[in-house]
Amino acid sequence: MSGLVEFWHMIWPHLGRGLVVTLKLSGGALLIGFLIGLPTALARVYGSPWLKRLATTYVDIFRGTPLLIQLFFIYYGLADPHLVPLAEAIGLPPSVLILSPMVAAYAALGLNSGAYQAEYFRGAIQAVGSGQMMAARALGMSRNQAIWHVVLPQALRLAIPPWSNEAAYLVKYTSVVYIIAVPDLFGEARRIMSVYYNQMVMLPFVGFIYLLMVLGITWVMGRVEAALRIPGLELEEPERA
Amino acid sequence: MSAPVVRIEDLHKRYGDNEVLKGVSLEVAKGEVVVIIGPSGTGKSTLLRCVNLLSRPDSGRVWVEDEEVTAPHVDINKIRAKVGMVFQDFNLFAHLTALKNVMAGPVWVKKMPKEEARELAMEELRRVGLADKADAYPGQLSGGQKQRVAIARALAMNPKVMLFDEPTSALDPELIGEVLAVMKDLAREHMTMLVVTHEMGFAKEVSNRIIFMEKGVIVEEGPPEQLFYAPQQERTRQFLGKITELYGQSETE
């Protein structure tokens, strides 16, 4: 028993650090994905043909290729010496091409999540319906006013369930970053396993920690959804007087 | 005779191969109630939408008061702000209460202080008989109530003319009366109105002039007595016969 406590004290600092990294990566990538995804969705629905094509290309690339390749491309691919003349040609020091594992992880996960979030937001914006935009414009609102005051408040509510899904996926997908030596929760667990060969304990335990995180997200997003619910739009029969 | 509130000159509009408007001209004087009738797909709604440029005509010109809507570089938002519009499917802002829906135009478009807008909105809700529903969301209202809030929302902008695009077509028969009653009140208060509808009772009782449109042109226009009892055109007579048979005249109370 005391051996187990001792072992726990030995591994916990590592796992704890890894957990913090995983949480940072998940939160950061979700935020980056949101900041990229929402404008991308708006561009796909309301943008000029040129903007639409640009946004669609981005979504296609990052949804259509494996996350691992994206991660490798950003971490190893950009560091390719062949790119040095290119960087110099546009006046950048070649060192900008060499990213730290953490920065590469944020970039890859953020860009990947942005593509998925863009699709969720686009679906939500289109679900709001053109009638709402028409009514807003008929009152004399500019298109931006209509998007801001009328379309987005409804679209963001509709996007909550798919967005929670994306958050739950992302927390787990961050575990691929161990492969570029980011010391996240899984990376730390893997190091411990390689020393103690205790995978039968570590894998379920670490898996359980991921499960707790996902359950936490589900619970929080459920509360957010309930708090923002529009009366009369839920599935029950509306009250009529 | 003051200048017309709405003036439309030789309006053309096509969607692909389908020419929806083939040269329509029309004027609506201040305080006049003009009803547009005709078979579906004949460009009535498109004509209405060309007045506030929700549809952009291919050619022809439109004026609201002395401002040309179709002029290049016109500030269309400024013109729309004085043209009220009511839609077939209400289009109330689903995330806002009835009161906030009515406040939307004054606050966001006219930048009216919120307190002032709230009082104005309550006044408009009283006008359509829904002051007690101020805090209800659209999802909690019946179709007739939604449409009355939509009318209040348009009225809160103090419009020079109200456009109604089949305002009762999406309503259950027993809810049509309450919306028509509000519209009749407006007509009595000399609101300038351009109404696309199949409600012949309303047309007969309230309108100053009826326009019969078919296949993108005005077939016949005149005071209701003439169109209903002495139509000049055979098509007008046929259409009115059919529509009376279909919709009856029971909505006139």
Side-chain angles (χ1 to χ4, degrees), chain A residues 38 41-42 45-46 48-49 120-121 123-163 221 223-241, chain B residues 48-49 51-55 75-98 100-111 130 132-133 135-146 150 153-157 159 162-163 165 170 175:
Chain A
L38 191 57
L42 289 170
V45 180
Y46 299 114
S48 61
Y120 297 138
F121 289 132
I125 288 168
Q126 286 170 338
V128 169
S130 57
Q132 296 281 307
M133 173 59 93
M134 197 160 56
R137 298 307 305 275
L139 276 178
M141 286 188 219
S142 70
R143 195 162 74 150
N144 287 343
Q145 277 182 316
I147 291 172
W148 181 253
H149 290 299
V150 175
V151 177
L152 280 185
Q154 297 181 56
L156 289 178
R157 281 177 172 91
L158 291 172
I160 291 173
W163 198 85
M221 292 314 290
R223 298 298 298 261
V224 170
E225 196 182 345
L228 294 178
R229 184 163 287 156
I230 302 165
L233 282 191
E234 56 268 35
L235 279 176
E236 299 99 46
E237 271 302 300
E239 282 174 25
R240 286 183 184 173
Chain B
L48 223 52
R49 282 168 196 204
V51 174
N52 60 0
L53 233 55
L54 286 180
S55 274
D75 182 356
I76 189 58
N77 295 330
K78 221 180 97 208
I79 296 179
R80 282 174 181 158
K82 57 182 189 180
V83 178
M85 185 154 202
V86 175
F87 302 91
Q88 180 175 346
D89 36 14
F90 329 127
N91 293 334
L92 285 183
F93 304 134
H95 63 304
L96 300 176
T97 60
K100 291 256 172 74
N101 262 282
V102 183
M103 288 169 65
V107 171
W108 291 330
V109 177
K110 288 190 172 168
K111 314 289 179 199
L130 286 174
D132 57 324
K133 293 288 176 194
D135 294 326
Y137 284 83
Q140 297 169 312
L141 299 173
S142 73
Q145 291 170 336
K146 278 185 218 178
R153 176 175 68 177
L155 289 176
M157 293 297 281
M162 287 281 284
L163 311 175
D165 188 3
L175 301 178

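Just so it is clear, the structure is predicted and the values come from calculations on it, not from any experiment. Atoms considered below: every heavy atom in the structure, side chains included; atoms not considered: hydrogens, waters and symmetry mates. In the text below, chain A, chain B and the rest are named by the order of the sequence lines, each starting its count at 1.
Per-residue counts of heavy-atom pairs under 4.5 Å with chain A were compared for N77(B), L54(B), T97(B); the largest is that of N77(B). Considering only heavy-atom pairs separated by less than 4.5 Å from chain A, the leading option among A136(B), A81(B), A94(B) is A94(B). Residue with the most contacts toward chain A among L92(B), I79(B), D89(B), I76(B): L92(B) (heavy-atom pairs, distance under 4.5 Å).
The two residues Q132(A) and F93(B) make their nearest non-hydrogen contact at OE1-CA, 3.3 Å. Looking at every heavy atom in both residues, N52(B) comes nearest to A138(A) through ND2-CB, 4.1 Å. Between G232(A) and Q140(B), the shortest heavy-atom contact is CA-CG, 3.8 Å. Between A135(A) and F87(B), the shortest heavy-atom contact is CA-CE1, 3.7 Å.
Counted within 6.0 Å of NZ on K82(B), heavy atoms from surrounding residues, nucleotides or ligands total more than 12; the atom is thus considered enclosed.
Rounding to the nearest 0.5 Å places CZ of R80(B) at 10.5 Å from CG of L139(A). The line from CE of M134(A) to CZ of R49(B) is 4.0 Å long, rounded to the nearest 0.5 Å.
Under the 3.5 Å distance criterion, the side-chain polar atoms of H95(B) are matched with a main-chain donor or acceptor of H149(A).
Interface remark: V86(B) contributes no atoms to any contact with chain A (heavy atom separation under 4.5 Å). At a 4.5 Å heavy-atom cutoff, the contact between Q145(A) and chain B is made by side-chain atoms alone.
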